[in-house]
Amino acid sequence: MFIQEIMTAGNLLPELAGVVGAFSLRDMGIATAVVSATGLLIGLFLGVASKRLEVKVDKRETLVRDLLPGANCGGCGYAGCDACAKAIVEGEAPVNACPVANDEAHGAIAKVMGAEIASEEKKAAFVKCAGTCDKAKVNYTYYGVQDCKAAATISGNGSKACSYGCMGFGSCVKVCAFDAIHVVDGVAYVDTEKCTGCSKCVAECPNHLIELVPVKSKHMVACSSADKGKDVKTYCGAGCIGCRLCVKNCEFDAIHVENNLAKIDYSKCTNCGKCASVCPVKIIRVKNA
C-alpha cells in the first residue's frame with residue numbers, strides 16, 4: 001500500500017509542475033507589466049516636470065559666450081566668461097566688457113545684441129617702481145615664502161628699505177593668465193603688447209604699485225613713494241624727489257606733485273616728453289624703455 005501511494009504521488013508530479021509553471025509565467029507577466037507601466041509613468045512625469053521646471057536660456061547668451069575667449073580671467077569683473085555673457089545679454093555689462101577679446105569679437109557681440117560699442121580707451125598695467133637691485137637699498141635678507149602678500153606682513157613691507165616699492169616676489173606674475181608680467185632685476189615689468197588690462201595684477205599687489213594707464217600714453221612716473229626727497233635719496237637711487245621741475249616745464253598742466261610724488265593726468269598729457277627730459281632722477285619713463 002505504501003508503495004502504491006508513492007507511485008500515485010509520482011504520477012502527480014508532472015501535473016504539479018505544470019501548475020507551478022503556469023503560476024510562474026503568469027507572475028512574471030504581471031511583474032513585467034507592472035515594471036513597464038511604472039517606468040512609463042515615471043518617464044511621463046519626468047518629461048512633464050522638465051518642461052514645467054525648465055530654465056529658459058536666452059539663445060543670445062550662448063552666441064555671446066562662444067564669441068568670448070574663454071580665459072575666465074575675471075578681468076571683466078564677473079566670475080568667468082559664462083557670467084560675463086549672461087551679464088551682457090541681461091544688459092548689466094557693455095558689449096565690450098571683456099578686456100581680453102579683440103575689437104573683432106566686440107563687434108560680433110555688438111551685432112548679436114543689436115547694440116553699439118561704447119568707446120573706451122584701451123589700457124594696460126604699469127608698475128610704478130624703478131627700484132631695481134642696483135638702485136634700491138635693502139634692510140635685510142628675506143628667506144620666507146616668495147610671495148609679496150606674505151612678505152608684506154613683515155615690518156617694513158619686505159626686505160627693501162623703501163616700504164612703497166616693488167618687493168619683487170612675483171605675486172602679480174602668478175595671477176597673470178597672459179604671461180604679460182615678469183620680475184626683472186627685482187622689479188615687476190609689464191609687456192604692454194601682451195597685457196589685456198584685466199587688472200588682476202592691480203588687485204594682487206599689496207603695495208598698490210600697479211595701475212592701468214592708457215596704452216597710447218608714452219610716459220609714466222615709475223615711483224610710488226610719498227616720502228620727502230631727502231628721505232627718498234637715502235633708500236633709493238630711482239625715486240621721485242618732488243622737485244617739481246616736471247611741473248614747471250609742462251605746457252599742458254598735465255603733471256603735478258601730490259604728497260611729494262609727481263603724477264600725470266593722462267587726459268591732458270600730449271606725450272611731448274618734456275617732463276621726462278628734465279627729471280633729474282629719470283623716473284619719468286618712456287613706456288617699455
Side-chain angles (χ1 to χ4, degrees), residues 119-138 148 152 156-158 160-168 172 180-181 183-193 195 197 199 201-289:
S119 59
E120 187 173 337
E121 196 169 29
K122 182 72 175 178
K123 293 184 177 181
F126 173 71
V127 181
K128 298 178 291 183
C129 180
T132 52
C133 295
D134 61 323
K135 299 289 185 181
K137 295 180 180 179
V138 295
C148 297
N157 277 10
K160 288 184 178 179
C162 176
S163 60
Y164 300 95
C166 178
M167 291 181 241
C172 52
I181 186 166
V183 174
V184 180
D185 198 16
V187 175
Y189 171 85
V190 178
D191 183 344
T192 55
E193 296 297 321
C195 181
S199 77
C201 57
V202 176
E204 189 69 13
C205 180
N207 278 358
H208 310 293
L209 286 173
I210 308 174
E211 70 173 336
L212 295 181
V213 300
V215 171
K216 70 177 184 179
S217 298
K218 294 181 179 179
H219 301 90
M220 290 90 172
V221 179
C223 184
S224 295
S225 176
D227 291 343
K228 293 182 178 180
K230 181 180 179 181
D231 296 324
V232 172
K233 284 185 175 181
T234 62
Y235 55 70
C236 186
C240 179
I241 57 176
C243 65
R244 290 181 167 78
L245 280 176
C246 52
V247 178
K248 295 174 183 177
N249 283 271
C250 180
E251 300 174 9
F252 307 97
D253 191 39
I255 188 166
H256 296 90
V257 173
E258 301 174 10
N259 295 324
N260 304 311
L261 179 65
K263 295 184 179 180
I264 296 175
D265 182 345
Y266 296 107
S267 65
K268 295 180 179 180
C269 181
T270 62
N271 293 319
C272 70
K274 284 188 178 180
C275 57
S277 65
V278 298
C279 179
V281 287
K282 305 302 178 186
I283 52 92
I284 302 179
R285 303 287 180 87
V286 177
K287 184 191 302 179
N288 286 349

Residue pair [X] / [Y]: nearest heavy atoms and the distance that separates them:
{"X": "Leu261", "Y": "Ser225", "result": "CB-O, 3.6 Å"}
{"X": "Tyr164", "Y": "Asp227", "result": "OH-OD1, 3.1 Å"}
{"X": "Val213", "Y": "Met220", "result": "CG2-CE, 3.3 Å"}
{"X": "Phe252", "Y": "Thr270", "result": "CE1-OG1, 3.3 Å"}
{"X": "Ala125", "Y": "Ile210", "result": "CB-CG2, 3.7 Å"}
{"X": "Cys201", "Y": "Ile181", "result": "CB-CD1, 4.5 Å"}

Please tell me if the side chains of [X] and [Y] come closer than 4.5 Å, counting only heavy atoms from C-beta onward.
{"X": "Ile264", "Y": "Val221", "result": "yes"}
{"X": "Asp185", "Y": "Lys135", "result": "no"}
{"X": "Lys268", "Y": "Cys250", "result": "no"}
{"X": "Asn260", "Y": "Asp231", "result": "no"}
{"X": "Asn207", "Y": "Ser224", "result": "no"}
{"X": "Asn271", "Y": "His219", "result": "yes"}
{"X": "Cys172", "Y": "Cys205", "result": "no"}
{"X": "Cys269", "Y": "Ser217", "result": "no"}

Quick one: pull up [atom1] in [X] and [atom2] in [Y] and give me the separation to the nearest 0.5 Å.
{"X": "Cys246", "Y": "Lys274", "atom1": "SG", "atom2": "NZ", "result": "13.5 Å"}
{"X": "Cys275", "Y": "Ile283", "atom1": "SG", "atom2": "CD1", "result": "9.5 Å"}
{"X": "Met167", "Y": "Cys162", "atom1": "CE", "atom2": "SG", "result": "10.5 Å"}
{"X": "Lys218", "Y": "Tyr266", "atom1": "NZ", "atom2": "OH", "result": "14.5 Å"}
{"X": "Lys216", "Y": "Lys123", "atom1": "NZ", "atom2": "NZ", "result": "10.5 Å"}
{"X": "Leu245", "Y": "Ser277", "atom1": "CG", "atom2": "OG", "result": "10.0 Å"}

Step through the shown structure and confirm whether more than 12 heavy atoms of other residues, nucleotides or ligands are within 6.0 Å of [atom1] on [X].
{"X": "Asp134", "atom1": "CG", "value": "yes"}
{"X": "Lys282", "atom1": "NZ", "value": "yes"}
{"X": "Lys228", "atom1": "NZ", "value": "no"}

Residue list, side chain to side chain contact (heavy atoms under 4.5 Å, CB included) with Ala203, at least two apart or on another chain: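 With sequence neighbours excluded, Ala203 shows a side chain to side chain contact (heavy atoms under 4.5 Å, CB included) to no residue whatsoever.
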Between Lys160 (side chain) and Gly168 (backbone), is there a donor-acceptor pair under 3.5 Å?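 Such a contact is absent between Lys160 side chain and Gly168 backbone.
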Begin with the C-alpha distance, continue with both residues' side-chain angles, and end with the deciding distance and a verdict on side chain to side chain contact (heavy atoms under 4.5 Å, CB included) for Ile241 and Lys233. CA-CA 8 Å; Ile241 57 176; Lys233 284 185 175 181; 4.0 Å; yes
